[in-house]
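Notes follow once the structure below has been shown.
Since we're looking at a predicted model, the values are computed, not measured. Side chains included, hydrogens not; waters and symmetry mates left out as well; all remaining heavy atoms used. Numbers restart at 1 for each chain; the letters A, B, ... are given by sequence-line order, proteins then strands.
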Amino acid sequence: KAGVTQTPRYLIKTRGQQVTLSCSPISGHRSVSWYQQTPGQGLQFLFEYFSETQRNKGNFPGRFSGRQFSNSRSEMNVSTLELGDSALYLCASSLITGGNTEAFFGQGTRLTVV
Amino acid sequence: QKEVEQDPGPLSVPEGAIVSLNCTYSNSAFQYFMWYRQYSRKGPELLMYTYSSGNKEDGRFTAQVDKSSKYISLFIRDSQPSDSATYLCAMSSNDYKLSFGAGTTVTVRA
């Protein structure tokens, strides 16, 4: 069974640009979450989608947005990039059954803003 | 104060030793508890998942949850150099998000 796939693996962008990251969940998983990982802040929750609906959102500015498609694939977008957005962006997928929240992560997209 | 506090480490142990990792939490709504292992430049890998107080064992790994004390632990028996990684505790209530500890970096010396 294929795991969570994130593309691209690495990105270098310039301040002020925007970026779109993609995540394909494990087959059959309908919940997709996004996290930002930095050395200073650790892993922080961005948002979670289930059946194309955002069910929860973390404390990030409106420049961070996401969406989920009918096939459960998800994208997140960051507009007007800042140097502080440099991080590893991780996607996780879950099979929601009776409150089970086991989350399986992809390899991440490492974004560098210069 | 952070919702989840994890012993910062780093830890360095000889091969074959028992590794003990700990997290405390303040949010009594947390019901689900996980341990992840993360190798450098990789995504976190789920090691253990539990939702009740007590012990859960899987091979060389034992997860322990004490909800009354808001404390969870992970024990790794017979540690191997391949266990060298950063270990993250994570917790969740029914709000579809995980709250993570800061991680503990473990080095197992051959």
Proximal component of B:Gln38, with respect to chain A [non-hydrogen, under 4.5 Å]:
side chain
Please tell me if the side chains of B:Glu15 and B:Pro81 come closer than 4.5 Å, counting only heavy atoms from C-beta onward.
yes
Would you kindly confirm whether A:Leu88 and A:Val32 end up in one hydrophobic cluster when ILVMFWY residues are joined by side chain heavy atoms under 4.5 Å apart?
no
Pairwise salt bridge (charged side-chain N to carboxylate O under 4.0 Å, His left out) hits with a residue in residues 64-87 of chain A, at least two apart
A:Arg63-A:Glu82, A:Arg63-A:Asp85, A:Arg67-A:Glu75, A:Arg73-A:Glu75
Using non-hydrogen atoms and a limit below 4.5 Å, what part of residues 46-57 of chain A faces chain B?
A:Glu48, A:Arg55, A:Asn56
Heavy atoms of other groups near B:Tyr51 OH, more than 12 under 6.0 Å
no
Checking A:Gln44 against chain B: side chain, backbone, both or neither under 4.5 Å from a heavy atom?
neither
Contact listing (chain B partner; residues 105-114 of chain A; heavy atom under 4.5 Å):
A:Phe105, A:Gly106, A:Gln107, A:Arg110
Between B:Thr104 and B:Asp7 (side chain of the first, backbone of the second, donor and acceptor by atom type, cut-off under 3.5 Å), is there such a pair?
yes
Parallel, tilted or perpendicular: which one describes the rings of B:Tyr49 and B:Tyr32, with boundaries at 30° and 60°?
parallel
Heavy-atom cut-off 4.5 Å, strictly under: side chain, backbone, both or neither for A:Leu43 against chain B?
both
Could you give the distance from OH (A:Tyr89) to CD (A:Gln36), rounded to the nearest 0.5 Å?
4.0 Å
Under the 4.5 Å side-chain heavy-atom rule for ILVMFWY, direct or indirect, which residues accompany B:Tyr39?
none
Could you check B:Thr107 against B:Ser84 for side-chain hydrogen bond (donor to acceptor under 3.5 Å, both in side chains), going step by step and ending with a plain yes or no?
CA-CA 5 Å; B:Thr107 301; B:Ser84 297; 5.1 Å; no
Under 4.5 Å from any heavy atom of chain B - which part of A:Ser31
neither
Less than 4.5 Å apart, side chain to side chain, heavy atoms only: is that true for B:Leu98 and B:Tyr36?
yes
In short, A:Ser79 meets A:Gln18 closest at the heavy-atom pair CA-CB, 3.7 Å
